[in-house]
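Because only heavy atoms are used, hydrogens play no part in the values below, and waters and symmetry mates are left out as well, while side chains stay in. Note on naming: letters A, B, ... go to the chains in the order of the sequence lines (proteins, then strands), and numbering restarts at 1 for each one.
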Amino acid sequence: MLEELPPPEADRLKKRFDAWRQAMDRLKSDAPPAAEDEPLFASDLEIST
Amino acid sequence: LSAPSSIREVSSRLARFELSSEELVRDQLDRAEKLSDLNAFISLLPDEAIAEARRLDAMRRRGEVLGPLHGIPLTAKDLVWSKDHRTTSGSKIDADFVPDRDAPALASLRARGAVLLGKTNLHEFAYGVSNVNPHYGAARNPWDRTRISGGSSGGSAVALASGIGYGSIGTDTGGSIRIPSSLCGVVGLKPTYGRISREGVTPLSWSLDHVGPMARTVADLVVLYEAMSGEAAEPAPLDDRSPLRDIQVALHPRYFFENLSPEVEGAVRSAVTVLSDLGASIMEIDVPEVEIQGTCRNTIAFAEASCYHEKNIRTRPQEYGEDTRDLLRLGLLIPATDYLTALRLRRSVIRAFGNAFRTIDVLAAPSTPATAPAIGAPVLENGEELRSGLLRLASAFNTTGFPALSLPCGFDAKGLPIGLQLASAPRKEALLLRVAGILESRSGSGRSPAV
């Protein structure tokens with residue numbers, strides 16, 4: 001997609017993507033491993049008490 | 001311009017026939033026209049609102065009263081669907097969208113007699129926090145028109161702060177009810193995820209979106225919340241010097257009290273002192289998982305928003321404003337694996353906050369780390385980038401889905417409002433409203449902007 005955009009828009013998008021990628025990589029490096037019972041879909045996140 | 005009053009006061013005037021709903025609605029429409037420079041509205045509905053007010057006045061004369069909102073004018077953010085009225089979502093893409101039904105959140109208020117005055121301005125597709133809308137203009141802060149209202153429910157907050165409508169329906173995906181409430185000096189509740197139906201509300205990010213009420217006072221917020229949710233709020237005890245003696249209030253110094261403007265920190269700590277004076281026990285907690293919530297929330301929001309907008313962002317990109325377009329394109333680049341990782345880690349954030357709320361009743365924090373910046377300013381007064389700074393303190397309760405509200409707790413030296421955020425365990429909205437109502441009754445609901 002980046003190649004299809006004019007330079008100013010591509011530059012902005014790349015900057016935003018790089019910032020997100022860095023944050024996500026940091027998150028994943030610190031994250032605990034997935035447990036077998038971890039829900040994976042948004043519907044599992046309906047709050048119930 | 002006439003001074004605003006509360007739902008209770010205006011309802012009793014309507015009940016005594018000292019005022020008709022038609023007179024009230026006409027006065028409010030007149031006020032909205034006179035204050036049109038604030039850009040609070042995308043559409044006013046004068047003909048429909050007056051006709052509905054007349055119908056409700058006739059019902060009242062026959063002794064038929066629908067409830068505490070009978071004849072009361074309200075507004076709704078313009079992504080809440082309203083039958084036969086265009087619902088733009090603050091966009092050019094949906095500029096001509098006319099829903100064939102009301103959203104249940106709006107229908108529940110209308111069924112209790114509320115009159116819809118108009119549809120309020122918002123950040124385009126609710127995807128931002130400044131409410132500087134490229135298609136309908138920036139919603140301007142009534143306390144200082146050169147400053148942002150905050151968003152994305154900015155028009156709703158501006159209307160309320162300037163005395164237009166007795167409540168509004170907002171939505172909140174990362175703070176979009178609480179941020180403008182904080183910056184404009186009104187109250188707003190983001191209920192528990194799913195507590196108020198999201199049906200008929202144009203989505204931004206379906207697993208983070210919440211619908212909730214906004215008002216000038218907590219007392220009015222209670223009336224609206226009860227109507228929208230069907231849940232009764234807990235009444236505040238009268239003539240009790242320690243009405244919060246059974247309440248554990250927690251501060252979370254790390255994260256929620258880091259990098260605040262000094263005036264915001266001072267006002268919030270003063271409000272906590274008032275809570276203590278009212279009998280609440282104050283303690284400190286630490287939930288380490290809060291540090292990852294922002295990246296989890298952003299990743300989920302980016303992916304879900306771009307999924308909803310995928311066709312239009314690929315085929316009609318130039319019809320979006322620049323910041324919304326950039327974010328929607330970013331979301332197209334998020335790998336599915338990262339979206340799923342964010343959902344998985346979100347669960348650990350929810351679990352950690354759930355454990356914390358086993359020992360506390362209410363978490364108290366600032367709603368925003370600084371007061372309203374100037375329109376166009378890229379950073380807040382505390383130096384944080386605008387978007388991430390305004391989202392930081394509010395978004396934890398979208399990631400968890402736990403209820404949270406914002407209420408005014410003071411002003412900075414420039415006369416700009418400061419918001420206190422109170423959060424609780426899921427489905428404890430009644431408790432939050434009780435604590436906020438007691439705090440408001442003891443500290444006063446504050447002043448109004450000189451519009």
Contact between [X] and [Y] at the side-chain level, heavy atoms closer than 4.5 Å - yes or no?
| X | Y | answer |
| --- | --- | --- |
| Arg329(B) | Arg12(A) | no |
| Leu333(B) | Leu13(A) | yes |
| Leu345(B) | Lys28(A) | no |

What distance do [X] atom [atom1] and [Y] atom [atom2] have between them, rounded to the nearest 0.5 Å?
| X | Y | atom1 | atom2 | answer |
| --- | --- | --- | --- | --- |
| Phe302(B) | Met24(A) | CZ | CE | 11.5 Å |
| Leu27(A) | Gln293(B) | CG | CD | 11.0 Å |
| Phe17(A) | Ile334(B) | CZ | CD1 | 6.5 Å |
| Asp25(A) | Asp338(B) | CG | CG | 7.5 Å |
| Lys15(A) | Leu330(B) | NZ | CG | 13.5 Å |

Self-check item: Heavy-atom contact with chain B under 4.5 Å, split by part of Arg26(A)
Solution: neither
Practice problem: Between chain A and each of Asn298(B), Thr299(B), Leu332(B), Leu208(B), count heavy-atom pairs under 4.5 Å; write down the option with the most. | Solution: Thr299(B)
Quiz item: If you count the non-hydrogen atoms of other residues, nucleotides and ligands that lie under 6.0 Å from CD in Gln22(A), is the total more than 12?
Solution: no
Exercise. Please flag which part of Arg325(B) lies under 4.5 Å from any non-hydrogen atom of chain A: side chain, backbone, both or neither.
Key: side chain
